[in-house]
Amino acid sequence: MNQRAETASVRTRAERTADGWRLTGTKMWTGGAHVNDYAIVLARTDDAEDKHAGLSQFIVDLRAPGVRVEPIRLMSGEHRFNAFHLEGVDVPDGMLLGQRGGGWKQVTGELAFERSGPERYLSTFPLLLSLLRELEQRPATAQQLTQIGILTARLHSICQLSLGVAAALDAGASPDTQAALVKDLGTRLEGTLIDTVRSVLPTPAAPHATPGSHAELLAFALLHSPGYTLRGGTNEILRGIITRGLEQH
């Protein structure tokens with residue numbers, strides 16, 4: 001599980017001690033902090049005029065004194081996200097990850113992997129497959145087929161963009177803008193897919209229906225959809241990254 005900042009305005013600070021660092025700060029929407037043993041924390045170690053400088057990453061023991069994990073529950077009641085508090089947590093020098101002051105470059109590279117993967121646009125894919133299975137039992141109108149075709153085309157385009165980011169990462173590049181674009185487009189597709197499925201096949205969502213049934217898959221997608229826009233960075237932050245990337249080119 002990683003704790004990462006989405007902008008360079010990092011509020012978590014690391015102060016030098018005799019044999020390491022003392023971390024203080026809070027990160028909202030930290031996934032898995034209640035079940036994992038360690039977190040990667042981005043903290044400000046040095047003041048610098050350039051807000052992207054002076055940041056470093058640390059590996060933090062989630063069972064260490066001063067670590068407090070506060071659950072943030074989804075609408076389904078599930079506990080996946082947390083508010084992750086560091087209240088004067090002592091970290092030894094050996095837990096500094098990479099180079100002091102190199103945290104921003106490191107974290108943007110890590111986020112490119114996180115934001116461009118297939119889980120950023122395939123979370124609602126089972127619901128689309130369920131819709132197609134349901135429509136095998138009844139005739140679909142031309143308008144419905146058009147709506148499904150548009151969804152499929154968008155899905156294919158995002159898949160190709162995701163594969164392009166994977167190839168760039170494998171070649172050692174830093175496709176931060178493209179990765180942010182995958183996540184933004186993927187999140188929006190997931191929301192549109194839910195709306196389209198409900199329009200094409202009006203079905204009451206039922207979270208306690210038979211697992212894998214259309215009603216259960218629809219309920220799962222609806223209850224989890226707010227989390228899709230948070231993991232890997234909010235869409236608003238991502239669009240800022242995309243804008244800056246386009247301006248540089």
I'd like to know if [Y] and [X] are part of one continuous hydrophobic network [Ile/Leu/Val/Met/Phe/Trp/Tyr, side-chain heavy atoms within less than 4.5 Å].
X: I242; Y: F113; result: yes
X: L193; Y: L132; result: yes
X: V69; Y: I59; result: yes
X: V67; Y: V35; result: no

Donor-acceptor list for residues 141-148 side chains, cut-off 3.5 Å, not counting sequence neighbours:
| from | atom 1 | to | atom 2 | distance (Å) |
| --- | --- | --- | --- | --- |
| T141 | OG1 | Q144 | N | 3.1 |
| Q144 | OE1 | T141 | N | 3.0 |
| Q144 | NE2 | V200 | O | 3.2 |
| T146 | OG1 | A142 | O | 2.9 |

message: Run the salt bridge (charged side-chain N to carboxylate O under 4.0 Å, His left out) test against E119 and tell me which residues pass, sequence neighbours left out.
response: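 Salt bridge (charged side-chain N to carboxylate O under 4.0 Å, His left out) list for E119, sorted by chain: empty.
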- prompt: What pairs with D47 under salt bridge (charged side-chain N to carboxylate O under 4.0 Å, His left out), at least two apart in sequence or on another chain?
  reply: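 Salt bridge (charged side-chain N to carboxylate O under 4.0 Å, His left out) list for D47, sorted by chain: R13.
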Side chain to side chain, [X] and [Y], heavy atoms closer than 4.5 Å:
X: T12; Y: T26; result: no
X: F125; Y: S123; result: no
X: I194; Y: S225; result: yes
X: V41; Y: L86; result: yes
X: L23; Y: F58; result: yes
X: H79; Y: N82; result: yes
X: L169; Y: P175; result: yes
X: L189; Y: L151; result: yes

message: Apply side-chain contact (heavy atoms from CB on, under 4.5 Å) to residues L201 and L131 and explain how you reach the verdict.
response: CA-CA 7 Å; L201 185 64; L131 172 65; 3.7 Å; yes
When rounded to the nearest 0.5 angstrom, what distance separates [atom1] in [X] from [atom2] in [Y]?
X: L217; Y: L222; atom1: CG; atom2: CG; answer: 11.0 Å
X: H85; Y: T24; atom1: NE2; atom2: OG1; answer: 13.0 Å
X: T45; Y: W21; atom1: OG1; atom2: CH2; answer: 5.0 Å
X: T124; Y: L155; atom1: OG1; atom2: CG; answer: 8.5 Å
X: F84; Y: I72; atom1: CZ; atom2: CD1; answer: 12.5 Å
X: L55; Y: K105; atom1: CG; atom2: NZ; answer: 14.5 Å

message: The criterion is side chain to side chain contact (heavy atoms under 4.5 Å, CB included); which residues satisfy it with P207, sequence neighbours excluded?
response: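 Partners of P207 by the side chain to side chain contact (heavy atoms under 4.5 Å, CB included) criterion, ordered by chain and then number, come out as A219, L223.
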query: Among all residues two or more places apart in sequence or in another chain, which pass the side chain to side chain contact (heavy atoms under 4.5 Å, CB included) test with A166?
result: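 Not a single residue meets the side chain to side chain contact (heavy atoms under 4.5 Å, CB included) criterion with A166.
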task: Could you go through the side-chain contact (heavy atoms from CB on, under 4.5 Å) check for V89 and V60 one step at a time?
output: CA-CA 8 Å; V89 179; V60 176; 4.2 Å; yes
query: Which pair of heavy atoms, one from P126 and one from L122, lies closest together, and at what distance?
result: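 Closest approach of P126 to L122: CD-O, 3.7 Å.
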- prompt: Closest heavy-atom contact between T203 and L218?
  reply: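 Here T203 and L218 meet closest at O-CD2, 3.3 Å.
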Residues forming a side chain to side chain donor-acceptor pair (under 3.5 Å) with [X], sequence neighbours excluded:
X: Q106; answer: Q57
X: D37; answer: none
X: H214; answer: S130

- prompt: salt bridge (Lys or Arg N to Asp or Glu O under 4.0 Å): which pairs involve residues 80-102, sequence neighbours left out?
  reply: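 Every pair satisfying salt bridge (Lys or Arg N to Asp or Glu O under 4.0 Å) with a residue in residues 80-102: R16-D93, R22-D90, D46-R100, R68-E87, E78-R80.
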query: How would you list all residue pairs meeting salt bridge (Lys or Arg N to Asp or Glu O under 4.0 Å) that involve residues 186-198, not counting sequence neighbours?
result: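 Of all non-adjacent pairs touching residues 186-198, those that pass salt bridge (Lys or Arg N to Asp or Glu O under 4.0 Å) are D184-R188, E190-R231.
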Could you give the side-chain donor-acceptor pairs of residues 158-165 under 3.5 Å, partners two or more places apart or in another chain?
| from | atom 1 | to | atom 2 | distance (Å) |
| --- | --- | --- | --- | --- |
| S162 | OG | S116 | O | 2.5 |

Ring geometry between W29 and F81 (parallel below 30°, tilted from 30 to 60°, perpendicular above 60°):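 Ring orientation of F81 relative to W29: perpendicular.
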message: Could you work out, with ring-ring contact (aromatic ring centres under 6.0 Å, His included) as the rule, every residue matching Y121, not counting sequence neighbours?
response: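 Applying ring-ring contact (aromatic ring centres under 6.0 Å, His included) to Y121 gives none.
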message: Would the distance check show the side chain of H156 and the main-chain N or O of T152 forming a donor-acceptor pair, the cut-off being under 3.5 Å?
response: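 No.
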